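First the structure, in the form of structure tokens, and then the observations on it.
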Amino acid sequence: MEQQAAKKRILSGIQPTGTFTLGNYIGAVRNWSRMQEEYECLYMVANLHALTVRQDPAALRRQTRESAALLLACGIDPAKSILFVQSQVPAHCELSWVLSCCTQFGELSRMTQFKDKSAKHPENVNAGLFTYPCLMAADILIYNADLVPVGADQNQHLELARNVAQRFNNNYSPTFTLPEGYNPKTGARVRSLQEPAKKMSKSDTNANAYILLTDDADTVLRKFKRAVTDSEGAVRAAEDKPGVTNLMGIYSALTGKGLDAIEAEFAGQGYGVFKEAVAGVVIDALRPIQAEYARVLADKEYLDRVLAEGAAAAGRIAGRTLAKVYRKVGMLQ
Ligand code: TRP
């Protein structure tokens, strides 16, 4: 227990909007499972955040379980980490309200994700989309997380969480840990296979742009064969060769080989051979994940029990923070 208390705490979340991509795996989830040894980790399926976009209820329920099952399949171990579903810990929403009263309209208006999403979906600029960063701040601050692994697109939200935490601490008294971003050294940022200037995203309209963790071997091979490269024909990482560099990054992330070694390995060989090799290591990496995913999904009782235990454990920590906050702001106990 002594040792546990000394460990830094990590919290991260992922939205249950469909299966994760190879980019989510290499860039995030694989690291989450590695961090379990060194840190006290909480991992959350952010189903409340998903509501900012219109969802089909049955699909959302199914995808929430699928996301949790995939996290387990990717190595999140409920004996080491707390794995839970956001909506099953109601204190997040309660804290979110208090934090929203410590957040300025102007601050939220400056969030680039809000500006992008409201421009993209002018028919549904709902208040939740606007206050989304307050809920995310609550997710983080309610656990006094020290470190938050997030992608670059979430840095601004994390910065807001820090500012709100600091403001609350100044207005009342020291309450919240100021969270920091955590960018693991390993884990290349995986780009789209079709337009390598963009990051690999499951919301891409072109399914050839991404690899899903649930893609079968034939699909993976086909998508890599169609991946955009260039006309040089040399396996070499360079800024003006974003497609090939991206494939090398994927190969490197899954084999541990450096870019120079990969260049040497494929010297004098065409892109066809290289693409097949990349597909091969991806297929090998996905095989055990897919097997475990199928096993967990088939055992709904197990999955729901893990999530119930996770929610109870998270809820104990969250409840203590919320009680403290309510007392400080003047709510009746
Ligand atoms: N907003 C994050 C995303 O869309 C998901 C998320 C919700 C999250 N709450 C969080 C990430 C708390 C880190 C910490 O990717």
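Basis for what follows: all heavy atoms, side chains included, without hydrogens, waters or symmetry-related copies. It should be emphasised that the depicted structure is a prediction, and the values quoted were computed from it without experimental measurement. Order of appearance sets the numbers: ligands from 1, and atoms from 1 within every ligand.
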Side chains of [X] and [Y] only: does a donor on one sit below 3.5 Å from an acceptor on the other?
X: Asp204; Y: Asn206; result: no
X: Lys328; Y: Ser173; result: yes
X: Asp146; Y: Tyr182; result: no

I'd like to check which ligand 1 atoms, numbered from 1 as shown, lie under 4.0 Å from a non-hydrogen atom of [X].
X: Tyr132; answer: 1 (N), 2 (C), 3 (C), 4 (O)
X: His49; answer: 7 (C), 9 (N)
X: Ala46; answer: 7 (C)
X: Leu11; answer: 12 (C), 14 (C)
X: Ile140; answer: 12 (C), 14 (C)

Please work out, at 4.0 Å between heavy atoms, whether the side chain, the backbone, both, or neither of [X] comes within that distance of ligand 1.
X: Val148; result: side chain
X: Gln154; result: side chain
X: Val150; result: side chain
X: Leu158; result: neither

Q.
What protein heavy atom lies closest to atom 9 (N) of ligand 1? Include the residue and the distance to one decimal.
A.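 I find the closest protein heavy atom is Asp139 OD2, 2.7 Å.
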(Q) Among all the protein's non-hydrogen atoms, which is closest to atom 5 (C) of ligand 1, and how far away is it? (A)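 The answer is Gly13 O, 3.7 Å.
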Q.
With nothing but distance in play, are any N or O atoms of Gln15 less than 3.5 Å from an N or O of ligand 1?
A. yes
Q | Sub-4.0 Å heavy-atom contact, Met44 with ligand 1 | A | yes
**Q.** Glu40 bridged to Arg9 by N-O distance under 4.0 Å
**A.** yes
Q: Taking atom CD of Gln333 as the centre, report whether more than 12 heavy atoms of other residues, nucleotides or ligands fall under 6.0 Å from it.
A: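 Yes, enclosed.
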Q: Indicate, with yes or no, if the rings of Phe114 and His157 have centres closer together than 6.0 Å.
A: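 For Phe114 and His157, the ring centres are not under 6.0 Å apart.
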Q. Hey, does Asn124 have a side-chain heavy atom less than 4.5 Å from the side chain of Val53?
A.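 With C-beta onward as the side chain, the pair stays apart.
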Q. Are Lys202 and Phe20 close enough that some pair of their side-chain heavy atoms sits under 4.5 Å apart?
A.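 In contact.
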Q: Could you tell me whether the side chain of Thr52 and the main chain of Leu129 form a donor-acceptor pair under 3.5 Å?
A: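 Side chain of Thr52 to backbone of Leu129, a donor-acceptor pair under 3.5 Å: no, none is there.
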